[in-house]
Amino acid sequence: MNCIVCMTHVPDTASIIKIGPDGKHIDESGIKWIVSPYDEYALEAALQLVEAQGGEVTVVCYGPARAEAGLRECLARGAHKAVHVVGGEETLGDSMAIAKVLAAAVKDREYDVVLCGVKGVGTDNSQVPQMLAELLDLPHVTNVTKLDVAEGTFTAEREVEGGVEVVESPLPAVVAATKGLNEPRYASLKGIMAAKRKPVEKVEVSALGLDEAALAGAEATYSVRALELPPAKEAGKVIQGEDDPKAAAAELARLLRDEAKVI
Amino acid sequence: MEYKADMRDMKFQLFEWLPTTKLLEAERYAEWDEENISMVLDEALKIAQEQLAPTNVDGDRIGAQYADGKVTLPESFKPAYQTLCEGGWVGITTNPEFGGMGLPEVVGSAVNEFFFGANMALSLHVLLTRGAGSMIENFGTDEMKQLFVEKLYSGEWGGTMCLTEPQAGSDVGAVKTKAVKQDDGRYLISGEKIFITSGDHDLCDNIIHLVLARVPGAPPGTKGISLFVVPKFRVNPDGSLGEPNDVYTAGIEEKMGIHGSPTCSLVFGQNDACEGFLLGEENRGMKLMFHMMNAARIEVGLQGGALAGAAHQAALAYAKERLQSRHWTKFADKTAPQVPIIEHPDVRRMLMWSKAYTEAIRALLLITSYYIDMTHVTEGEEQERYQSYVNVMTPICKAWGSHWGMLVTNTALEVFGGYGYTAEYPAEQYMRDCKIACIYEGTNGIQALDFVARKLPMKGGKPVMELMGMAEKTFKKLKDDPQFMEPAWMLAGALKTMQTISKELQKRPDGMLITLLDAFPMLDMVGTILGAHFLLEQAAIAKQKLGAIFESKGVDPKDEDASKKLLEDDADAAFYHDKVQTAIHFCYRALPLVSAHAAAIRAGELAPMHAVMR
């Protein structure tokens with residue numbers, strides 16, 4: 001059972017996001033980068049599969065130089081090797097471009113299952129796993145909260161509106177993990193020590209037969225016009241009611257009806 | 001309970017101030033470099049925040065429970081402790097030959113600040129377990145090492161140190177517990193011990209006690225004390241657990257804080273069936289025990305710094321959120337909106353003061369740990385020199401770290417106002433938990449006596465003079481920098497005062513009494529000087545890096561608006577800027593204590609001795 005885990009390196013969800021000078025990217029200074037939390041579920045699922053059935057976990061990331069730290073983190077958690085396709089600044093957010101690069105990086109490797117997080121918390125597009133599966137001509141299941149793998153086949157539970165869908169599929173396949181699938185482990189000190197010696201294979205996009213400039217240019221399926229921060233939260237309105245609660249209640253009802261339009 | 005830590009300052013102190021990167025080049029640490037140590041720190045903080053901190057309130061509110069001779073800990077402690085065991089965190093700095101992880105002490109101290117800050121009660125188990133393992137590794141027979149050390153370093157079994165008895169607290173020499181040698185070489189142990197941290201609990205299958213006891217005919221005092229390994233359950237030669245070893249837990253203390261850490265009364269050998277194994281030689285136990293006690297003393301100082309850090313971070317976050325009163329520039333305008341209390345000068349002073357002491361304690365603990373590491377990678381005279389620094393610093397770490405750490409938790413609580421006094425916010429628990437650090441492992445008074453009687457005069461005072469010499473160098477480096485000129489001269493003044501006092505005390509007829517009376521103020525003087533020296537050294541580095549950021553961004557430091565904007569936008573710039581302010585604040589607010597103590601000492605103020613105190 002060989003597993004490939006696709007990982008994306010994203011700003012820590014607790015980061016304070018600022019818009020960069022070009023108005024289209026975030027300002028990366030002072031940002032702490034982490035393995036996207038959904039990818040942690042994918043990695044944990046892969047590690048558990050391999051622990052139970054043997055084989056290796058390979059983590060693949062398409063991202064800039066700093067993403068190597070994320071790969072090392074995955075290696076520290078127990079992945080066996082890592083592939084770093086260096087790049088991705090210009091194709092950021094373009095799910096199709098990312099899927100093309102990942103598909104090219106993955107297609108000739110040995111694997112039984114490709115695991116992804118259901119989305120990267122950076123751009124939140126939730127499209128890469130499905131696109132990757134189509135490009136690799138594989139079945140895919142997303143939003144997976146339970147995964148049982150047998151010889152050449154698997155059963156997955158996925159969250160759907162108001163219920164749980166149970167899906168059976170042959171392997172190989174692409175599985176996109178979401179919260180609830182497992183509890184990701186912490187890296188052990190031994191794991192962190194070992195990660196230093198594990199291989200991280202560096203791959204240029206051009207070596208995959210792809211032209212990153214074209215992916216970001218003529219072939220782009222996505223473009224950012226402008227980034228804006230959400231409007232600052234306005235101060236709440238306090239209705240003074242100590243002297244006349246009746247009037248205060250009436251005022252509250254009026255505001256809820258006329259201004260907030262919730263009643 | 002949420003736990004926040006200042007990771008930026010931790011990494012600054014480790015990698016920008018201390019030569020940790022250089023240390024890691026030693027063969028002993030070949031597996032480690034700045035990158036994976038950084039990962040170690042990130043993972044440790046994550047575990048502290050996600051596993052240890054959420055159980056801290058259970059530790060306090062449920063606490064250790066005693067019934068029928070057994071102690072149980074809150075259920076939530078178990079998975080948290082398991083996480084520490086599985087990750088190798090219990091044996092983080094210990095010998096890889098016995099399953100330890102072999103990380104430098106300086107990294108261990110950084111990690112332990114997070115663990116103690118997140119959950120002091122639970123982390124205490126780890127401290128003692130690691131310490132007991134180290135004792136057996138250093139002084140045990142091969143058989144003992146094989147049976148116990150790996151199980152302790154992995155956290156599978158727990159460890160304790162059993163010194164105190166009802167009549168033998170600070171006066172350890174008064175220990176009465178008996179050890180009688182049997183024909184097969186074992187000893188039968190009998191006696192009562194009190195105040196035994198982690199003496200019994202349900203986190204581990206077995207507990208290995210290190211017990212101070214007397215063999216028949218032993219000389220009185222500390223020279224007649226021997227040290228024994230006494231397991232809770234006997235251990236078969238194959239390492240499996242045998243029958244209970246007649247160690248009975250008679251009860252646990254109701255305490256002010258660290259409720260999640262059971263403080264046990266243990267009865268050894270009430271059925272004459274408690275076997276123990278001699279560690280080292282008969283009557284040499286106290287000397288060996290100091291090996292564990294010294295390590296533990298440093299870690300207790302670390303607890304003071306850790307809780308100070310946790311309390312300060314909590315207060316800082318609260319001060320940014322809590323709205324009260326108008327901005328001081330608009331105090332007359334009754335319609336002006338309420339502002340976060342961090343805008344109020346009085347609150348800012350409390351926060352700055354807490355930050356300064358927290359970082360000074362952190363620096364003291366980290367550099368002492370670094371000196372310990374240096375004893376491992378050097379030889380001969382150089383090694384002796386580092387060891388002498390460690391010896392001098394140990395009581396300062398313990399007493400200065402816990403004393404001022406405790407006072408930081410006190411100030412942090414005040415930032416919360418009335419809410420700080422309630423259990424709804426974490427400040428009061430930090431303060432209660434921290435107090436014990438001033439007391440156990442030898443009260444701060446005992447530490448001060450150790451400092452003035454043993455450590456100051458050690459090697460003719462050379463190690464202390466060398467440490468003070470480093471502070472002198474910092475003064476010389478900064479005395480011509482307009483920003484640091486006055487703080488630097490204050491440091492020089494404090495150094496001079498300290499020298500004068502040392503000389504005077506040697507000549508004065510009341511020198512001995514004054515030294516005993518003012519042992520703690522003298523320790524505080526040296527601690528304060530070191531604190532100022534460390535923070536100024538750090539500030540000098542920070543200032544340089546801040547200058548580089550201004551230059552690279554093309555901002556003129558004289559342009560106030562542009563500077564303000566840069567400090568708002570650039571996290572690194574803000575960090576370095578505040579490091580400079582922190583050092584300045586510490587010099588103005590802490591260094592005067594040196595001359596204040598000195599005034600009383602030089603005047604020979606003896607009111608406490610003259611008073612009747614009826």
Side-chain angles (χ1 to χ4, degrees), chain A residues 9 11-21 26-35 37 40 43-44 47 51 65-79 82 179 183-198 200 229 233-238 240, chain B residues 4 7-8 11 24 29-52 79-80 82-94 96 99-103 107-108 111 153-154 323 337-338 549 552-553 566 568-575:
Chain A
H9 204 218
D12 188 345
T13 43
S15 301
I16 298 165
I17 301 293
K18 283 178 282 192
I19 311 279
I26 62 164
D27 177 357
E28 295 197 356
S29 64
I31 296 250
K32 187 184 164 211
W33 296 88
I34 58 167
V35 172
E40 291 192 350
L43 174 65
E44 180 61 35
L47 292 172
E51 277 163 5
R66 58 161 164 74
E68 189 182 329
L71 287 169
R72 291 272 171 217
E73 210 179 306
C74 296
L75 293 172
R77 272 167 229 284
K179 193 176 172 152
E183 277 296 322
R185 68 192 64 189
Y186 295 99
S188 68
L189 288 169
K190 253 192 192 130
I192 294 172
M193 198 177 355
K196 195 179 156 184
R197 301 200 187 287
K198 289 181 182 172
V200 176
L229 290 175
K233 220 163 95 184
E234 282 178 36
K237 213 172 248 177
V238 178
Q240 298 298 343
Chain B
K4 285 199 170 90
M7 180 66 95
R8 183 67 184 86
K11 288 187 178 170
L24 295 175
Y29 307 119
E31 300 292 339
W32 302 101
D33 55 25
E34 184 174 336
E35 193 190 334
N36 62 15
I37 293 292
S38 187
M39 204 190 287
V40 167
L41 296 174
D42 290 341
E43 206 67 9
L45 181 55
K46 201 167 160 194
I47 290 171
Q49 290 173 328
E50 293 175 1
Q51 295 289 322
L52 302 189
Q82 211 46 44
T83 303
L84 295 179
C85 295
E86 282 166 9
W89 301 95
V90 176
I92 178 166
T93 51
T94 58
M101 293 297 143
L103 275 130
V107 178
V111 166
Y153 287 168
S154 69
L323 301 176
Q338 289 186 326
I549 295 177
S552 74
K553 303 266 175 176
L566 179 61
E568 266 168 25
D569 289 348
D570 190 308
D572 266 342
F575 171 77

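Protein chains get the first letters and strands the later ones, always in sequence-line order, with residue 1 at the start of each.
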Side chain, backbone, both or neither: which part of A:K190 has a heavy atom under 4.5 Å from chain B?
-> both

Exercise: identify the closest heavy-atom pair between A:S188 and B:E86 = CB-O, 4.0 Å

Search all heavy atoms of B:W32 against all heavy atoms of A:L189 and return the closest pair with its distance.
-> CH2-O, 3.7 Å

By side chain to side chain contact (heavy atoms under 4.5 Å, CB included), A:I16 pairs with (sequence neighbours left out) none

Residue list, side chain to side chain contact (heavy atoms under 4.5 Å, CB included) with B:D33, at least two apart or on another chain = A:K196, B:E35, B:N36

B:I47, B:D572, B:D569: which one forms the most heavy-atom pairs within less than 4.5 Å of chain A?
-> B:I47

Hey, is B:E43 close enough to A:R77 for a salt bridge, meaning N to O under 4.0 Å?
-> yes

Sort [X] into side chain, backbone, both or neither according to what part of it lies under 4.5 angstrom from a heavy atom of chain A.
| X | result |
| --- | --- |
| B:I92 | both |
| B:S38 | neither |
| B:A30 | backbone |

So how far is it from B:M101 CE to A:I192 CD1, rounded to the nearest 0.5 Å?
-> 10.0 Å

Would you say B:K46 has more than 12 foreign heavy atoms packed within less than 6.0 Å of its NZ?
-> yes

